[in-house]
Amino acid sequence: MEIGFLGLGIMGKAMSMNLLKNGFKVTVWNRTLSKCNELVEFGASIGETPAQVVKKCKLTIAMLSDPAATRSVVFDKDGVLEQIGSGKGYIDMSTVDPETSSKISEAITSKGGAFLEAPVSGSKQPAETGQLVILAAGDKELYEEAIPAFDVLGKKSFFLGQIGNGAKMKLVVNMIMGSVMNAFSEGLVLSERSGLNPHDLLQVLDLGGIANPMFRGKGPAMLKSNHSPAFPLKHQQKDMRLALALGDENAVSMPVAAAANESFKKARSMGFGDLDFSAVYEILKTTKD
Ligand SMILES: NC(=O)C1=CN([C@@H]2O[C@H](COP(=O)(O)OP(=O)(O)OC[C@H]3O[C@@H](n4cnc5c(N)ncnc54)[C@H](OP(=O)(O)O)[C@@H]3O)[C@@H](O)[C@H]2O)C=CC1
Ligand SMILES: O=CCCC(=O)O
């Protein structure tokens, strides 16, 4: 199957590379076109615009930064809408809000195309090793058609029903993750400031009921102030913002998430947006009375 792939950032590059390595023909496009070259070395073709990619491929996947980017790639000149139509499918795997996803769905289906939202849980390494968790919703037939690709990209796919449910699930998961990252960072700083060895804290956490891959994977690097980006902080803050908006719409009080969002905003304002979201630790570490 020939697959189109739009967006070769941290995630898109790893995911499209994985598809290539597993025998799919892939045509790639990225706003900064030079980022396509590395994929070409592994057998990818280049489309010069999103419209060109959709024209060539029956199925096109997008993995873009945020709602503005996903809307632009669909609705702007040379965008997806110019070539989508009957017999073609478009799958947006970016993390966006349900409203953005619905608008894109309406536009694609009104031209006769099929649409699936399919954001993912899992970061750079799971993307490289095909261990993502896929949270799909929308066109069930397109979901079935995409399963061979999803089986390469992920360890488990969920079909969650109507458009918006994939986006909501992803935002809830990342709202929890962002809040936990703040609590974890506060714990690391508190252990250090109160005279404990934070490496001991990591070991204690790992043996108890709240042990998890995030503490295990990121903790040692955080203590060295290594925040090499797997999941950029600016995207985590975007997800907190979108999750808080979902909370507003549903009258759900979320004071913990709101406080976490403030920390991520502060970290962005200090220039940490392109670092890993673990860099929120740095703002807590530098705050003294
Ligand atoms: N990194 C992670 O761990 C995870 C990320 N996600 C989500 O996946 C998506 C991608 O994340 P990630 O790969 O980390 O992000 P990156 O910041 O690494 O990449 C963003 C991509 O979006 C493109 N882009 C940005 N703005 C525009 C625009 N206006 N028009 C066209 N293209 C645009 C960039 O193009 P260019 O190269 O030209 O800048 C790039 O290809 C996000 O929604 C994120 O929340 C989901 C799970 C995990
Ligand atoms: O959206 C990003 C998720 C990152 C992760 O699951 O580690």
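None of these values were measured; they are calculated from a predicted model.
Atom NZ of Lys103 is surrounded by 12 or fewer heavy atoms from other residues, nucleotides or ligands within 6.0 Å. Around the NZ atom of Lys56, the shell of radius 6.0 Å holds more than 12 heavy atoms that belong to other residues, nucleotides or ligands. Annotation: Gln131, atom CD; neighbour count of heavy atoms from other residues, nucleotides and ligands within 6.0 Å is above 12. Summarising the local packing, NZ of Lys218 is surrounded by more than 12 heavy atoms from other residues, nucleotides or ligands at distances under 6.0 Å. Annotation for Glu2: atom CD counts as buried by contact number, over 12 foreign heavy atoms lying within 6.0 Å. Counting heavy-atom neighbours within 6.0 Å of Gln125 CD, excluding the residue itself, gives a total of 12 or less.
No donor-acceptor pair under 3.5 Å is formed between the side chain of Lys234 and the backbone N or O of Arg268. Without hydrogens or angle criteria, Ser101 side chain to Pro98 main chain gives no donor-acceptor distance under 3.5 Å. Remark: the backbone N or O of Lys35 is not paired with any side-chain donor or acceptor of Thr32 at under 3.5 angstrom. A distance-only check finds a donor-acceptor pair linking the side chain of Asp276 to the backbone of Ala230 [under 3.5 Å]. Under the 3.5 Å distance criterion, the side-chain polar atoms of Lys170 are matched with a main-chain donor or acceptor of Val120. Remark: side-chain polar atoms of Lys88 are paired, donor with acceptor, to backbone N or O of Val54 under 3.5 angstrom. In this structure a side-chain-to-backbone donor-acceptor pair under 3.5 Å is present from Asn226 to Ser228. For Asn165 (side chain) and Gly161 (main-chain N/O), no donor-acceptor pair under 3.5 Å exists by modelled atom type. The main-chain N or O of Ser105 is found under 3.5 Å from a side-chain atom of Thr109 such that the two form a donor-acceptor pair.
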Lys285/Ser225 under side chain to side chain donor-acceptor pair (under 3.5 Å): CA gap, chis, key distance, verdict: CA-CA 10 Å; Lys285 212 170 78 169; Ser225 287; 3.0 Å; yes
After noting the C-alpha distance and the side-chain angles of Met93 and Met15, does the key distance pass the side-chain contact (heavy atoms from CB on, under 4.5 Å) rule? CA-CA 11 Å; Met93 303 188 79; Met15 292 160 74; 3.7 Å; yes
Apply side-chain contact (heavy atoms from CB on, under 4.5 Å) to residues Leu8 and Leu39 and explain how you reach the verdict. CA-CA 9 Å; Leu8 302 176; Leu39 277 294; 4.2 Å; yes
Apply side-chain contact (heavy atoms from CB on, under 4.5 Å) to residues Ser185 and Leu284 and explain how you reach the verdict. CA-CA 7 Å; Ser185 298; Leu284 298 166; 3.3 Å; yes
Could you please spell out the steps behind the side-chain contact (heavy atoms from CB on, under 4.5 Å) verdict for Leu246 and Glu249? CA-CA 5 Å; Leu246 190 62; Glu249 283 161 34; 4.1 Å; yes
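Note that OG of Ser121 and CG of Asn174 are 7.0 Å apart. Values are rounded to the nearest 0.5 Å. From Asp151, atom CG reaches atom CG of Asn22 across 10.5 Å, with rounding to the nearest 0.5 Å. How far OG of Ser194 is from CD of Glu192: 9.5 Å, rounded to the nearest 0.5 Å. In this structure, CD1 on Ile3 lies 9.0 Å from CZ on Phe5, to the nearest 0.5 angstrom.
Placement of Ile91 and Leu19 within a single hydrophobic cluster is found when ILVMFWY residues are connected by side-chain heavy-atom separations under 4.5 Å, directly or transitively. In the hydrophobic cluster analysis, where Ile, Leu, Val, Met, Phe, Trp and Tyr join through side-chain heavy atoms closer than 4.5 angstrom, Leu233 is grouped apart from Leu242. Following chains of ILVMFWY side-chain contacts shorter than 4.5 Å, one can reach Ile163 starting from Leu64, so the two form part of one hydrophobic cluster. Residues Met177 and Met169 do not share a hydrophobic cluster, defined by chaining ILVMFWY side chains whose heavy atoms lie under 4.5 Å apart. When the side chains of ILVMFWY residues are joined at heavy-atom separations under 4.5 Å, either directly or via intervening members, Leu135 and Ile176 end up in two distinct hydrophobic clusters.
Two residues are said to be in side-chain contact when any heavy atoms from C-beta on lie closer than 4.5 Å; Asn197 and Leu201 fail this criterion. At a threshold of 4.5 Å between non-hydrogen side-chain atoms, the residues Asn261 and Gln237 count as touching. Proximity of Met222 to Met181: side-chain heavy atoms (C-beta onward) are separated by under 4.5 Å at one or more points. The side-chain heavy atoms of Leu188 and Leu202, taken from C-beta on, include a pair separated by under 4.5 Å. The shortest distance between side-chain heavy atoms of Val280 and Phe272 does not fall below 4.5 Å. Using a 4.5 Å heavy-atom threshold, the side chains of Leu6 and Tyr90 count as touching. When side chains are defined from C-beta on, Ile10 counts as touching Pro232, because their heavy atoms get closer than 4.5 Å. Looking at Asn18 and Glu128, their side chains never come closer than 4.5 Å, going by heavy atoms from C-beta outward.
For the side chain to side chain contact (heavy atoms under 4.5 Å, CB included) criterion with Leu116, the lone passing option out of Ile134, Leu142, Leu59 is Leu142. The only member of Phe215, Phe277, Tyr281 that meets ring-ring contact (aromatic ring centres under 6.0 Å, His included) when paired with Phe184 is Phe215.
We find that Lys140 and Glu144 are joined by a salt bridge, their nearest charged nitrogen and carboxylate oxygen being less than 4.0 Å apart. Salt bridge annotation for Lys238-Asp66: absent, with no cationic side-chain nitrogen under 4.0 angstrom from a carboxylate oxygen. Using a 4.0 Å cut-off between a side-chain N of Lys or Arg and a carboxylate O of Asp or Glu, Glu82 and Lys77 do not qualify as a salt bridge.
Val252 pairs by the side chain to side chain contact (heavy atoms under 4.5 Å, CB included) definition with Asn250, Met254, not counting sequence neighbours.
Closest approach of Glu117 and Gly166 over heavy atoms only: OE2-N, 2.7 Å. The nearest pair of heavy atoms linking Gly122 to Met11 is O-CE, 3.6 Å. Listed here is the closest heavy atom pair of His235 and Phe231: CB-CE1, 3.5 Å. In this structure, Cys36 and Asn30 approach most closely via the heavy-atom pair SG-N, 3.7 Å. Scanning all heavy atoms of the two residues, the minimum distance from Tyr143 to Ser157 falls at OH-CB, 3.3 Å. Closest of all the heavy-atom pairs between Gly178 and Met240 is CA-SD, 4.0 Å.
A side-chain donor from one of Asp92 and Ser94 sits under 3.5 Å from a side-chain acceptor of the other. For the 3.5 Å distance criterion, the side chains of Thr100 and Asp97 qualify, holding a donor opposite an acceptor.
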